[in-house]
Amino acid sequence: MAEERGAEALHLQTRAVHVTAAAAESAAGEGRPLSTPMVRSSAFAYDSADALAAAMATPDGDFVYSRRGNPTVRTLERVLAGLEGGARALAAASGMGAISSTLLALLRPGDHVLVQNCLYGGTYAVLSDLAERFGIEVERISGDDAGELSARLRPATRLLLLETLANPTGEVPDLTGLLGVARRAGVVSLVDNSLASPALCRPIEFGADIVVHSTTKYLGGHSDVIGGVAVFADAELYEQVWRRAVELGATADPFAAWLTLRGIQTLPLRMRQHCRNAAFLAARLELHPAVKQVYWPGLATHPSHERARRFLSGFGAMVSFELAGGRDAGRAFAERLRIAQLALSLGGVETLVTHPASTSHRELDDRALRAAGVGAGMVRMAVGIEHPEDLWNDIEQALPRPW
């Protein structure tokens, strides 16, 4: 098994393939299962009342009740903690379940939270709700200026929230600068790494305290699972959030965890093709007369290009672009596509297209949309792994005619 050969010395591509199942660790001798067993039991029996009580006292004890811990789910948690370089991980029923559990566990009335300008609409909605109901103040920052962050810190500042690749603009924050300021100030930092995945970036290596994922995206990779995870650099912080997550009931389902583990084994291969296809399409879109602007950090014209080169091992597979015809042109383009599908989410093997202003960022008003850099005619394309020429032919026939 990979752990016996020193997993930390292996490349991520190898570690993603060689998963050791928690359910199989106690198996003696030969005959271990190659694939992770899926344990569907909701509860686990004991002969001793003392043993049962002891198992309930800690998040990494023996299994008692699957809301508190499950062999298949724990395998996923250990795999993702290893891939992200964290101490522990907490799998959740969705990406928003992971984010909400973390925010509710860490924030108190009167706390001050700093977030980068371009933030996923669902995350912004949760923060707005906490601000309204519990008096938590949420303040936006650019994400590219450590000095700005230092100037905005207060005694009440509790959390810094960033995204490795912002949705849908592809902005990359100054991870080392911002996370370094937060660490020195004693402010907990949380980075959403869903759009990059650990195949492209591992924010804990740059100083993040918590990394969250919607495992629905690239980790699962096949548009057939809903899930989330929070990975913690510190085990004590993990235990604090785990206790609240158990109370909230945001725990991952074993079948969802099993599907995600299957997806992770091909993650590096899929991400390689996703990124290659995105590069191909972004370069062609940039030259098309119907396109006003392309947002993909692999382009030298993107404002985050140098930071992307510094912090990422690939530029991601989300290509957004603004059409010259505005809102109507963007919606018409999405409806004319034949291969790419008009659908929410991203990270599956197929190419998906959305209109952010009316879908992923629908919670934002016009002022917030402008602050996030989302235009009315912006189209977000989550590039899949199809043949790039087929994708381009589909895009070209759907684009507005320049004459």
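Since we're looking at a predicted model, the values are computed, not measured. Values below: all heavy atoms of this structure, side chains included; hydrogens, waters and symmetry mates excluded.
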[X], [atom1] atom: more than 12 neighbouring heavy atoms under 6.0 Å:
X	atom1	answer
Arg309	CZ	no
Leu34	CG	no
Arg67	CZ	yes

- Take Val291 and Glu286, measure what side chain to side chain contact (heavy atoms under 4.5 Å, CB included) needs, and give me the verdict at the end. CA-CA 7 Å; Val291 177; Glu286 195 174 35; over 6 Å; no

Non-hydrogen side-chain atoms of [X] and [Y] separated by less than 4.5 Å:
X	Y	value
Asp174	Leu149	no
Trp258	Arg40	no
Asp144	Ser304	no
Phe63	Pro71	yes
Pro173	Arg307	no
Leu346	Thr354	no
Phe44	Val64	no
Met318	Lys217	no

Kindly compute the distance separating [atom1] ([X]) from [atom2] ([Y]), expressed to the nearest 0.5 Å.
X	Y	atom1	atom2	result
Ile141	Ser150	CD1	OG	9.5 Å
Thr176	Arg310	OG1	CZ	3.5 Å
Leu195	Cys201	CG	SG	12.0 Å
Arg270	Ile264	CZ	CD1	9.0 Å
Ser100	Leu248	OG	CG	8.5 Å
Asp129	Ile136	CG	CD1	9.5 Å

- Message: Once you measure the plane-to-plane angle for Phe311 and Phe206, does it fall in the parallel (<30°), tilted (30-60°) or perpendicular (>60°) bin?
- Response: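 Perpendicular.
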
What is the minimum heavy-atom distance between [X] and [Y], and which atoms define it?
X	Y	value
Val212	Ala230	CG1-CB, 3.9 Å
Leu130	Leu104	CD2-CD2, 3.7 Å
Gly377	Glu322	N-OE2, 3.0 Å
Val229	Ala89	CG2-CB, 4.0 Å
Ala105	Val241	CB-CA, 3.8 Å
His302	Thr169	NE2-O, 2.8 Å

- Start with the C-alpha distance between Phe315 and Leu299, add both sets of side-chain angles, then the distance that settles side chain to side chain contact (heavy atoms under 4.5 Å, CB included), and finish with yes or no. CA-CA 9 Å; Phe315 298 112; Leu299 295 173; over 6 Å; no

- Cut-off 3.5 Å, side chains only: do Gln397 and Asn393 have a donor facing an acceptor?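 No.
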
- Task: Indicate whether any N or O donor in one side chain lies under 3.5 Å from an N or O acceptor in the other, for Ser189 and Asp209.
- Result: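 Distance-only check passes for Ser189 and Asp209.
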
Is there a donor-acceptor pair closer than 3.5 Å between any side-chain N or O of [X] and the backbone N or O of [Y]?
X	Y	result
Asn277	Gly384	yes
Asn70	Val39	yes
Ser194	Ser214	yes
Asp111	Leu159	no
Thr157	Arg154	yes
Thr251	Arg68	no
Glu163	Tyr120	yes
Thr72	Pro37	yes
Thr266	Gly263	yes
Gln341	Ile339	yes

- Message: Suppose we call two aromatic rings close when their centres sit under 6.0 Å apart. Are Phe280 and Trp392 close by that rule?
- Response: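 Judged by ring-centre distance (under 6.0 Å), Phe280 and Trp392 do not meet the cut-off.
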
- Task: Taking the six-membered ring for Trp and the full ring for Phe, Tyr or His, determine whether the centres of Tyr218 and His274 are under 6.0 Å apart.
- Result: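 Distance test on ring centres: under 6.0 Å, yes.
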
- Could you go through the salt bridge (Lys or Arg N to Asp or Glu O under 4.0 Å) check for Arg284 and Glu389 one step at a time? CA-CA 11 Å; Arg284 293 203 173 184; Glu389 288 285 1; 3.4 Å; yes

- Report the C-alpha separation of Leu162 and Leu160 in whole Å, then their side-chain angles, then the decisive distance to 0.1 Å, and conclude whether the side chain to side chain contact (heavy atoms under 4.5 Å, CB included) test is met. CA-CA 7 Å; Leu162 306 171; Leu160 169 66; 4.0 Å; yes

Hey, are [X] and [Y] close enough for a salt bridge, meaning a charged N less than 4.0 Å from a carboxylate O?
X	Y	result
Arg331	Glu335	no
Arg336	Asp394	no
Glu77	Arg74	no

- Task: Have a look at Thr164 and tell me which of Val211, Val191, Val172 forms a side-chain contact (heavy atoms from CB on, under 4.5 Å) with it.
- Result: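 For Thr164, the side-chain contact (heavy atoms from CB on, under 4.5 Å) check succeeds only for Val191.
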
- Please test Asp192 against Asn167 for side chain to side chain contact (heavy atoms under 4.5 Å, CB included), starting from the C-alpha separation and ending with a verdict. CA-CA 10 Å; Asp192 188 332; Asn167 178 8; over 6 Å; no

